[in-house]
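Here the structure comes first, spelled out in structure tokens, and everything after it is commentary.
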Amino acid sequence: MVDVSHIFDGLNDAQRDAVALEPGPALIIAGAGSGKTRVLTSRIAWLVEGLSISPLSILAVTFTNKAAREMQHRIEEMLGVPVGGMWMGTFHGLAHRLLRHHYDEAGLPKDFQIIDNDDQLRLIKRALKELALDEAYWPAKQIQWFINAHKEEGRRAAQVSQSPDLQQQTLLGVYQQYEKLCRRFGLVDFSELLLRAFELVRNNEVLRQRYQQRFEHILVDEFQDTNSIQYEWLRLLAAQHKNLFVVGDDDQSIYGWRGAKVENILQFEKDFPNTRTVRLEQNYRSTGNILAAANAIIKRNSGRLGKKLWTDDGDGDPVNLYNAYNETDEARFVIDRIRDWVNKGGERAQTAILYRSNAQSRVFEEILLDAAMPYRVYGGLRFFERAEIKDALAYLRLANSRVNDVAFERIVNTPTRGIGNTTLDKVREHAQAQQISLWEATGQVLAQKSFAARAHSALDAFVELIEELSLQITDQNLPTQIGIMLDVSTLLEHHKKDRGERAQARAENLEELVSAARNFSVEDEELGPLDSFLAHAALEAGEGQAEEWEDCVQLMSLHSAKGLEFDMVFLTGLEEGLFPHQRSIDEPGRLEEERRLCYVGMTRAMKHLYLSHAEVRRLYGRENHTRPSRFLDEIPEEMLNVIRAARPSPRSNSYSNSSSNYSQKKSNAPAALADTLPGFGVGKSVAHPKFGEGVIMNIEGQGDYARVQVNFSSAGAKWLVAAYANLSVV
DNA sequence: GTTGTGCGCTTTTTT
DNA sequence: AGCGCACAAC
């Protein structure tokens, strides 16, 4: 018998129960910070080592590439060997793998290509054009949403129920047209990956049985984020062995707005009647006070599965609440706290500034820049989403598959080579009339010699260029291919000769693409290196910046903070209309999702949690007076340490001026306090006309806004504004 | 075909 | 306020 005790070492009882559950359907309700990933990886280790299940028979699914990598890494660490052959990855990645293996059965061309949201939008715009619909009345974005929502519910255009509503009919028409275009150009969008993979398994009996048999054990992370099609796919694959081990937390479901169904958790127990449920409720992350405050918030939600996190740790600091005058004051407060933290030896990377919407990062960035404090903002444009990178890849895509109209449209005049809209419209018209690709149409139109000489030669040169590129890259290795493409397309040259800062950055990105190719290892044996790289670029957009390991303050939206933890967390902008967001306030379901978001944010904090709101916030160029978020009312007062703003907000001044001003004032704080409150200090005994005698426990702020916490012998602890409290030294 | 101007929009994000 | 996009002028 292999010794498997190392798998269980250091796990608590509930975690052990979960890891060692008998095969069969299992639902693990894993609270924030309860060791979810650890349970998941230990479970896989247990299957392999304890039950001698072959890694080949295991399917493990996550939502993000990052989570997949992390899981892979941890399992290999635990088992001490690479887990080759195990199907582990994101839903989309696995669906892609399936479709590459069985493209024929799935009704796809061998060289089908994945398009991202951006490409999808372009294609929808084209469909709109072909149907002669005005984009002003039919916003492409909305149609994109419409199409994806249907696909993620498993409905193709033909399966959407007919509606007497004219608008619905039009939307459906665009959906149909879009499907046609995808089919014609061999393109697959993200939801299509899921839908197609689902249909493949559902409709093809041979394959279904094969995979049902193969995947003896299926494990799913972040189950609360699965949408309908993902769940159906899992159900289908698990139908034979029924060993579906899902881990999730209904309280952390924050993606309902993009189709995730928390209800899948409830549905799971119905679909698999003998499901064993394990709750992981011991939190190893946050202090008692932080947890208590988070629990107080989340308990307001209805229809929860019911779970109460607890911790063995001490109470720790109270949760701090700062009422700022405006967003600048809020930012200064936050950065001052971080500075204190760093001065006391804390790491910047262990501090996170969280916000509801990305626009809020701006003020923090300005103040951080001013304070010369390194920071990193998450959630910008990612590497493979940058326009210049997408241009470059489009050259390769077109060289690879001439029918790819999305790639064609993207680069036919990028960089500009004298092919204008008039010329292109003729090509487009011809393509549509003949139902052929733009590439083919170009050839035919050129053969007709119907263009003016200038347009003709420009178009001809483009065709030559792509042919030349295609020729030159055959039998080259991937980085060389990229290099040739940058050269032949003149893309790099084009950006390099522009001296502007942005253009320089673009040129650098293009050069970075060569290194990305050099570091790339082929993920799918089925594909050649170039195809594999192109699929990788679509499926994994890559991090925003090159990995910087500098010790940085972390700035991100609440959504991107899920799954992370920090010593010190600032949850900012807690104002009605901002958080909860205006668009979620009227609908109870959406409001509850906002509340979960708040819960997620709070439970990111390990030791220190600061909540803040601004009384005035400038948003979209307008100043708004705000009300504190209702979520703040939901935290019992005694759990909060309320800090008032130190002084009224400076009206104007540049940031640098007012900032240095501020820090000066701050360093003078003890003097200011002494001015206002001579003889006062922590530990001093004071008397209050109403509450009697007590001892000063704490002092916050300076000058007129200073507040003191006095523990009165009769009335207990109170926070008082020093200027008005009429205290006297005893 | 490129460059400039004005208008409208503005939650969250992964694949 | 700031950005992207569409249309109009050069």
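So you know, we letter chains A, B, ... as the sequences are listed, proteins then strands, and number each from 1.
Contacts of A:Asp225 with the nucleic acid, taken as non-hydrogen atoms under 4.0 Å apart, are absent. Heavy atoms of A:Asn421 sit under 4.0 angstrom from primed sugar atoms or phosphate atoms, though from no base atom. Within the 4.0 angstrom heavy-atom criterion, only backbone atoms of the sugar-phosphate kind lie near A:Tyr255; the bases stay farther away. Backbone-only contact: A:Ile419 has heavy atoms under 4.0 Å from sugar-phosphate atoms and none from a base. Across all strands, A:Arg596 comes closer than 4.0 Å to no nucleic acid atom at all (heavy-atom distances). Within the 4.0 angstrom heavy-atom criterion, no nucleotide atom of any strand lies near A:Ser191. Nucleic acid contact for A:Asp116: none, since no nucleic acid atom lies under 4.0 Å from a heavy atom of the residue. Residue contacts shown for A:Gly418 are limited to sugar-phosphate atoms, with no base heavy atom under 4.0 Å away.
Aromatic ring centres of A:Tyr211 and A:His101: separated by at least 6.0 Å. Within the 6.0 Å centre-distance limit, the rings of A:Tyr231 and A:Phe223 are counted as a close aromatic pair.
When the salt bridge (charged side-chain N to carboxylate O under 4.0 Å, His left out) test is applied to A:Glu464, no partner is found at least two apart in sequence or on another chain. Every residue meeting the side-chain contact (heavy atoms from CB on, under 4.5 Å) condition with A:Ala535, not counting sequence neighbours, appears here in chain and number order: A:His96, A:Ile114. A:Arg235 pairs by the salt bridge (charged side-chain N to carboxylate O under 4.0 Å, His left out) definition with A:Glu232, A:Asp271, not counting sequence neighbours. A search for salt bridge (charged side-chain N to carboxylate O under 4.0 Å, His left out) contacts involving A:Lys426 returns nothing, not counting sequence neighbours. Every residue two or more places apart in sequence or in another chain that forms a side-chain contact (heavy atoms from CB on, under 4.5 Å) with A:Asp116 is listed here: A:Asp118, A:Asp119, A:Phe190, A:Lys390.
For DNA chain B, the outermost nucleotides in 5' to 3' order that have an atom under 4.0 Å from a heavy atom of chain A are B:dG1 to B:dT15.
Two residues, A:Glu385 and A:Thr416, neighbour DNA chain B, and the one matched to the more 5' nucleotide by heavy-atom proximity is A:Thr416. Both A:Asn413 and A:Ser560 lie close to DNA chain B; mapped to their nearest nucleotides by heavy-atom distance, the more 5′-ward contact belongs to A:Asn413.
Among residues at least two apart or in separate chains, salt bridge (Lys or Arg N to Asp or Glu O under 4.0 Å) pairs with a member in residues 189-199 of chain A are A:Lys151-A:Asp189, A:Lys151-A:Glu192, A:Arg156-A:Glu192, A:Arg156-A:Glu199, A:Glu192-A:Arg196.
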Inset, instruction - Using a 4.0 Å heavy-atom cut-off, write out nucleotides 1-10 of chain C from 5' to 3' as B (base contacted by protein), S (sugar-phosphate only) or - (no contact). - result: BS---S----
Anything under 3.5 Å between a donor and an acceptor, one on a side chain of residues 405-412 of chain A, the other on a protein residue two or more places apart or in another chain? List them.
| unit_1 | atom_1 | unit_2 | atom_2 | d |
| --- | --- | --- | --- | --- |
| A:Asp405 | OD1 | A:Leu438 | N | 3.0 |
| A:Asp405 | OD2 | A:Arg126 | NH1 | 2.7 |
| A:Asp405 | OD2 | A:Arg126 | NH2 | 3.3 |
| A:Asp405 | OD2 | A:Leu438 | N | 3.4 |
| A:Glu409 | OE1 | A:Arg428 | NH2 | 2.9 |
| A:Glu409 | OE2 | A:Arg428 | NE | 2.7 |
| A:Arg410 | NE | A:Asp391 | OD1 | 2.8 |
| A:Arg410 | NH2 | A:Ala387 | O | 3.2 |
| A:Arg410 | NH2 | A:Asp391 | OD1 | 3.3 |

